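Just below is one structure, and these are the notes that go with it.
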Amino acid sequence: MDIDTAELLAGQIESREMNLKTLFAEDPARAEKMTVSAAGWTLDYSKNLVDEPTMKLLVRLAEKANLKQEIEAMFNGVHINKTEDRAVLHTALRSSKTSGLVVDGQDVYGDVQAVLKQMGEFANLIRTGKWLGATGKRIKYIVNIGIGGSDLGPAMAYQALAPFTKRSLKCFFVSNVDATHMAETLLQIKADQTLFIVASKTFTTQETMTNAHTARAWLVEKLGDAAVAKHFVAVSTNAAKVAEFGIDTANMFGFWDWVGGRYSMPSAIGLSLMIAIGPTQYKRLLSGYEAMDRHFRTAPFKRNLPVLLALLGILYSNGYGADSYAVLPYDQYLARFPAYLQQLDMESNGKSVDREGNPVDYMTGPIVWGEPGTNGQHAFYQLIHQGTRLIPADFIGFCKSHNPLSDHHDKLMANFFAQTEALAFGKTAEQCRAEGVPENLVPFKTFEGNHPTNTLIAPELTPKTLGALIALYEHKVFTQGIIWNIYSFDQWGVELGKVLAGKILKELSDTTLPLAHDASTNALIAYYRANKRTK
């Protein structure tokens, strides 16, 4: 980040203590000025601790970081993932273009469209009952076996788009190497009606392949080895390993090294989702992504939804020292969306060195957390309202419900609007006294307010609005990475634990091996060895 601008930003914050009551009183048109719409979404950011000079200063951060040029570099396939020497082209996965982008000698759009066509044809075979299991029965259960980006995206979207799914098909998502995850799933399905989708680019990911081999053994025990080819398909690039597993490579769906796991849902990783909602709705999902991509690429920064969210996040992280932000969807279908954003944001920008390899002296990736409203109101909102921490929050809501039961949705949305109002404007001691609150209770019933929120609202949760919402946060994270001068598309931080786990795994199974870790780890391994279940 440009240090001069960062210092200027801090000075701007110190020079004027922002008060939302005052800001709204001074400018009756504030809400209108600070509301922007794009790709089916409307963002009201007026309940933030900013005025027009502060916003101009924030936009200067983006301009000084050459954000426009960086955006074009990403869309055009420049190797912006420097530490892995790769392009970053998840935006190509949802482009409606069929040609015109060649990267490293590869016809990117053509390859993407070919895989989408293969996915659509296969999805239709499953949905129409033309693909039959080994005993001649239709597929009823889909089990996606993956982890990280190969799980969080499709699992989140399957729940989010439940109203658009084929209800006679049931999808399950197994990711945890904890045997419980697979065991509990197997209890709910029938071998002769199940399709397993093994999602692993290399077909060597430890957790995914452990679960895949357990599923294979379960199926073979019930239906025999020959059944594997009818009940397993792969999302991978390792044809040799896929064939060795027993999967017909004609049923292998490929993707590319320029697709990061946390950005991969629009690729073949989304096969389970396409089967569930069908190719037509899947294309609408992609069109939502593309609409937000187009907005991000072309809109001026001061009216650009991803850029505005990114700049406001930087204001609170680097200007006010906020450690986290809350994502609060007021829609039960989006219950897994905060977890999805945790990987997107924290794996991308959880970095402590800049692009030159030097340690940073400012805060980068924030902690992301949240739960659906109104449940969160009865759990952690107390801390946001009256605690000592500054916790910016994104509220996400919809005008229409897919389940218009009685007045449920009006009550849900009444809370949605009320919470941002309460967080912004609070309740003074004078208001408490006017209501007759006893003097000894006034301090406890006073709300300071001045807590910043963004409000994101759309007419309805659909495949298109979901795609646009995901792309909005993807580009927010990208923008922050550029301004922080860090690489957002590698994740070396996950490697060390994997390497150590491989060594420890041998020590857990062979108790004759000496332990050469620190005293704590040695003692814990010894305790486990002494108390583990043995056959």
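Sequential numbering from 1 along the given sequence is applied to the chain's residues. Predicted, not measured: the structure shown is a model, and the values here were computed from it.
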For Val112 and Ala92, which heavy atoms make the closest approach, and how far apart are they?
-> CG1-O, 3.7 Å
Run the numbers on Thr521 and Leu500 for side-chain contact (heavy atoms from CB on, under 4.5 Å), then give the verdict.
-> CA-CA 11 Å; Thr521 304; Leu500 291 175; over 6 Å; no
Out of curiosity, Gln491 CD to Gln343 CD, how far, rounded to the nearest 0.5 Å?
-> 8.0 Å
Pairs flagged by salt bridge (charged side-chain N to carboxylate O under 4.0 Å, His left out) wherever residues 101-129 is involved - sequence neighbours left out | Lys117-Glu121
Establish, yes or no, whether the cationic atom of Lys97 lies under 6.0 Å from the six-membered ring centre of Phe75 and within 45° of the ring axis.
-> no
For residues Ile275 and Leu195, determine if any side-chain heavy atom of one lies less than 4.5 Å from a side-chain heavy atom of the other.
-> yes
Tyr473-Tyr340 aromatic ring centre distance below 6.0 Å | no
Give a yes or no on whether the backbone of Phe478 and the side-chain of Ser488 come within a donor-acceptor separation of less than 3.5 Å.
-> no
Spatial distance of atom OG (Ser96) from atom OH (Tyr109) [nearest 0.5 Å] = 8.5 Å
Which of these passes ring-ring contact (aromatic ring centres under 6.0 Å, His included) with Trp369: Phe380, Tyr325, Phe337?
-> Phe380
Trp256 six-ring centre to Lys201 NZ/CZ under 6.0 Å and within 45° of normal = no
Validation row: Tyr330, Thr374 side chains within 4.5 angstrom (heavy atoms) = yes
Mind listing the closest non-hydrogen atom pair of Pro338 and Val368 along with its distance?
-> O-CG1, 4.4 Å
Gln342/Leu152 under side-chain contact (heavy atoms from CB on, under 4.5 Å): CA gap, chis, key distance, verdict = CA-CA 10 Å; Gln342 284 176 345; Leu152 281 165; over 6 Å; no
Below 4.5 Å, heavy atoms only, C-beta onward: do Arg297 and Glu72 meet side chain to side chain?
-> yes
Kindly say whether Lys506 contributes a backbone atom to a donor-acceptor pair with the side chain of Ser509 at under 3.5 angstrom?
-> yes
Between Thr91 and Asp293, is any side-chain donor less than 3.5 angstrom from a side-chain acceptor?
-> no
Asp248 side-chain N/O to Asn251 backbone N/O, donor-acceptor pair under 3.5 Å = no
Would you check if there is a donor-acceptor pair between the side chains of Arg284 and Thr462 at a distance under 3.5 Å?
-> no
If you round to the nearest 0.5 Å, how far is OG1 of Thr194 from CG of Leu219?
-> 8.0 Å
If you measure only the distance, is there a donor-acceptor pair under 3.5 Å linking the side chains of Asp178 and Thr180?
-> yes
Counting distance only, does the side-chain N/O of Asp394 pair as donor-acceptor with the main-chain N or O of Val327 below 3.5 Å?
-> no
Are any of the side-chain heavy atoms of Phe164 and Leu466 separated by less than 4.5 Å?
-> no
In Å, rounded to the nearest 0.5 Å, how long is the span from OG of Ser175 to NE2 of His181?
-> 5.0 Å
N/O donor-acceptor pair under 3.5 Å between Asp151 side chain and Gly146 backbone | no
What do you reckon, is NZ of Lys230 surrounded by more than 12 foreign heavy atoms closer than 6.0 Å?
-> yes
Within a strict 4.5 Å, meaning less than it, do heavy atoms of the Arg262 and Ser348 side chains meet?
-> yes
Heavy atoms from other residues, nucleotides or ligands near CD of Glu495 exceed 12 (cutoff 6.0 Å) = yes
Thr205 versus Ser200, side-chain donor and acceptor atoms under 3.5 Å = yes
Please confirm whether the backbone N or O of Thr479 pairs with a side-chain atom of Glu70, one donor and one acceptor, at under 3.5 Å?
-> no
Distance-only, no hydrogens or angles: does the Asn238 side chain make a donor-acceptor pair with backbone N or O of Thr202 under 3.5 Å?
-> yes
Roughly how far apart are Leu515 CG and Ile504 CD1, rounded to 0.5 Å?
-> 9.0 Å
Non-hydrogen atoms of Ala157 and Met265 that approach each other most closely | CB-SD, 3.6 Å
Look at the rings of Phe196 and Trp218 and say which category their plane angle falls in: under 30° parallel, 30 to 60° tilted, over 60° perpendicular.
-> perpendicular
Would you say the side-chain atoms of Asn144 and Tyr158 include a donor-acceptor pair closer than 3.5 Å?
-> no
Could you tell me which non-hydrogen atom of Val233 sits nearest to which non-hydrogen atom of Phe122, and how far apart they are?
-> CG1-CZ, 3.6 Å
Does Ser236 reach the side chain of Val198, with side-chain heavy atoms less than 4.5 Å apart?
-> no
Tell me, please, which residues at least two apart from Glu371 pass salt bridge (Lys or Arg N to Asp or Glu O under 4.0 Å).
-> none
Locate the shortest heavy-atom distance separating Leu101 from Leu89; write the atom from each residue and the value.
-> CD2-CD2, 3.9 Å
Side-chain donor/acceptor of Arg216 to backbone N/O of Phe245, under 3.5 Å | yes
Polar side-chain atom of Arg529 near backbone of Glu507 as donor-acceptor pair, under 3.5 Å = yes
Going by heavy atoms in the side chains, are His517 and Leu524 under 4.5 Å from each other?
-> no
Does a side-chain heavy-atom distance below 4.5 Å link Tyr263 with Leu93?
-> no
Cationic tip of Arg86 above Phe489 ring, under 6.0 Å, 45° of axis = no
Can you tell me how far the CD atom of Gln480 sits from the CD1 atom of Ile482, to the nearest 0.5 Å?
-> 11.5 Å
Here the pair of heavy atoms bringing Met119 nearest to Gly270 is CE-C, 4.1 Å
Show the numbers, then the answer: is there a side-chain contact (heavy atoms from CB on, under 4.5 Å) between Asn304 and His295?
-> CA-CA 7 Å; Asn304 191 307; His295 168 75; 4.1 Å; yes
What is the ring orientation for Tyr141 with Phe172, classed by angle as parallel under 30°, tilted 30 to 60°, or perpendicular over 60°?
-> tilted
Side chains of Thr512 and Asp510: do they bring a donor and an acceptor to under 3.5 Å?
-> yes
For residues Glu356 and Asn485, is any side-chain donor paired with an opposing acceptor at under 3.5 Å?
-> yes
Spell out, as yes or no, whether a donor-acceptor pair under 3.5 Å connects the side chain of His409 to the backbone of Pro404.
-> no
Evaluation steps, side-chain contact (heavy atoms from CB on, under 4.5 Å), between His475 and Met74 = CA-CA 11 Å; His475 298 318; Met74 178 177 69; 4.2 Å; yes
